[in-house]
Amino acid sequence: GDTIHLFNEGPNNAWVSVGSGTQVATLPATAVANAVATSFPVPAGAVVVYGIPDSAVLSMSAITRTGTAVINVAVNRGC
């Protein structure tokens, strides 16, 4: 299948939403009891590999709790 590789240059952690149509990344609640996972984390300095359907047309959105982050995205087809 196809994959996307997300590298967060930092300096802050990011939460990313990937899917078809408009995407809105959201932050998890700070209290564990209220945590709802709607986006996946990409820690500063980390690479995350995300499997996607073959030939999918997807949108992506990212958010940080504070400051900014630089997210590099690479798509690998047929890997």
Side-chain angles (χ1 to χ4, degrees):
D2 296 342
T3 57
I4 7 180
H5 295 241
L6 304 167
F7 169 55
N8 182 354
E9 289 185 33
N12 295 294
N13 296 334
W15 283 262
V16 177
S17 178
V18 176
S20 59
T22 302
Q23 298 297 301
V24 178
T26 57
L27 295 169
T30 55
V32 174
N34 299 326
V36 176
T38 59
S39 300
F40 60 91
V42 182
V47 174
V48 173
V49 179
Y50 185 76
I52 58 173
D54 292 343
S55 302
V57 176
L58 301 173
S59 299
M60 184 178 91
S61 174
I63 190 170
T64 61
R65 192 170 300 282
T66 60
T68 61
V70 176
I71 307 291
N72 294 294
V73 180
V75 178
N76 292 314
R77 298 280 181 190
C79 296

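Because the structure is predicted, anything quoted here is derived from the model rather than measured.
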*Only one of Ile71, Asn72, Val48, Val70 forms a side-chain contact (heavy atoms from CB on, under 4.5 Å) with Asn8, so which one is it?*
Ile71
*asked:* With a 4.5 Å cut-off on side-chain heavy-atom distances among I, L, V, M, F, W and Y, is there a chain of contacts connecting Val73 to Tyr50?
replied: yes
_Taking side-chain contact (heavy atoms from CB on, under 4.5 Å) as the criterion, tell me which of Val16, Val75, Asn76, Val49 meets it with Ile4._
Val75
*asked:* Nearest 0.5 angstrom please: Trp15 CH2 to Leu27 CG, how far?
replied: 6.0 Å
*asked:* Assigning hydrophobic clusters by single linkage (Ile, Leu, Val, Met, Phe, Trp, Tyr; side-chain heavy-atom cutoff under 4.5 Å), is Phe7 placed with Leu58?
replied: no
*Between the main-chain N or O of Gly21 and the side-chain N or O of Ser59, is there a donor-acceptor pair closer than 3.5 Å?*
yes
*Gln23 and Ser17 side chains, donor-acceptor separation under 3.5 Å*: yes
*Are the side chain of Arg65 and the backbone N or O of Asn12 linked by a donor-acceptor pair below 3.5 Å?*
no
*How far apart are the closest heavy atoms of Ala44 and Pro11, and which atoms are they?*
CB-O, 3.8 Å
